[in-house]
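Have a look at the structure below, then the notes.
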Amino acid sequence: RGVRHNIDRICFERMKEAGDDYDESAPPMSRENLKLMIQAYWKANTNETGMRVMSLLTLFFVGGRSGEPAWMDIANMSWSMDDQAVDLNVPQSKVGAIKKAAWIAGRQPDLCIFTAFAHYIIYSPGWWIQESEKEDGTVWLFPQLHSIKSPGKKIGGYVKDLIPPAAAT
């Protein structure tokens, strides 16, 4: 497989034996914290509310890397009559694979992806008419994330935007 793969494997094995923590990613967000963040966005009710809530919910429910929503396109979504849900193919750019996920109506209105999607469509008129559509026909679910260098950092900013200035220092 190559030298780089062997180095990574050997380092990982050594870290495991030494009891080192290999995973440096942030701890997962709790459903309650997500709900509080989304309630804050609903209360703010700006033109970006639906898009921010949609991207946070999508990220939470597909359980992926923070940049994954940027690569989701409408063509990879379909309605499942059996499950009464939207089936998604979520591209994972770092590993070059597709992950299957589903959007299902939420038990709690604040955590319902369909409520957020409706808000997104209403307050972002024409979001499906994009420059990228002229090139190859792809309609990105989050064009404002797809068109930037670091979409994961942008979504992380949506979380940080909710931290009161005094608490951020």
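Closest approach of K35 to L111, counting heavy atoms only: CA-CD2, 3.8 Å. Across all non-hydrogen atoms, the minimal contact from P69 to S55 is CG-O, 4.3 Å. Closest approach of Y120 to F142, counting heavy atoms only: OH-CA, 3.9 Å.
Taking CG from L162 and CZ from R52, the interatomic distance works out to 8.0 Å, rounded to the nearest 0.5 Å. Remark: T58 OG1 to M51 CE distance equals 11.5 Å, nearest 0.5 Å. The CG atom of L88 sits 11.0 Å away from the CD1 atom of I98 when rounded to the nearest 0.5 Å. With rounding to the nearest 0.5 Å, the separation of CG in L57 from CD1 in I38 is 3.5 Å. The structure places CD1 of I148 at 6.5 Å from OG of S150, a figure rounded to the nearest 0.5 Å.
In this structure the side chain of I155 reaches within 4.5 angstrom of the side chain of L59, judged on heavy atoms. Looking only at side-chain heavy atoms (C-beta outward), K160 and Y158 stay at 4.5 Å or farther from each other. Two residues are said to be in side-chain contact when any heavy atoms from C-beta on lie closer than 4.5 Å; D73 and L141 fail this criterion.
Listed by chain and number, the residues in a side chain to side chain contact (heavy atoms under 4.5 Å, CB included) with T49 are Y41, W42, T46, V53, H119 (sequence neighbours excluded).
The cluster map of Ile, Leu, Val, Met, Phe, Trp and Tyr, joined by side-chain heavy atoms under 4.5 Å apart, puts L36 and I163 in different clusters. The cluster map of Ile, Leu, Val, Met, Phe, Trp and Tyr, joined by side-chain heavy atoms under 4.5 Å apart, puts M54 and I121 in the same cluster. Linking ILVMFWY residues whenever their side-chain heavy atoms come closer than 4.5 Å, directly or via other members, places M81 and M77 in the same cluster.
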Would you check, one step at a time, whether the test side chain to side chain contact (heavy atoms under 4.5 Å, CB included) holds for S78 with V86? CA-CA 5 Å; S78 61; V86 174; over 6 Å; no
Intermediate values then yes/no, side chain to side chain contact (heavy atoms under 4.5 Å, CB included), L56 and V159: CA-CA 8 Å; L56 289 170; V159 174; 3.8 Å; yes
Quick one, D87 with K100, criterion side chain to side chain contact (heavy atoms under 4.5 Å, CB included). Give me CA distance, side-chain angles, the key distance, then yes/no. CA-CA 7 Å; D87 291 334; K100 300 285 188 184; over 6 Å; no
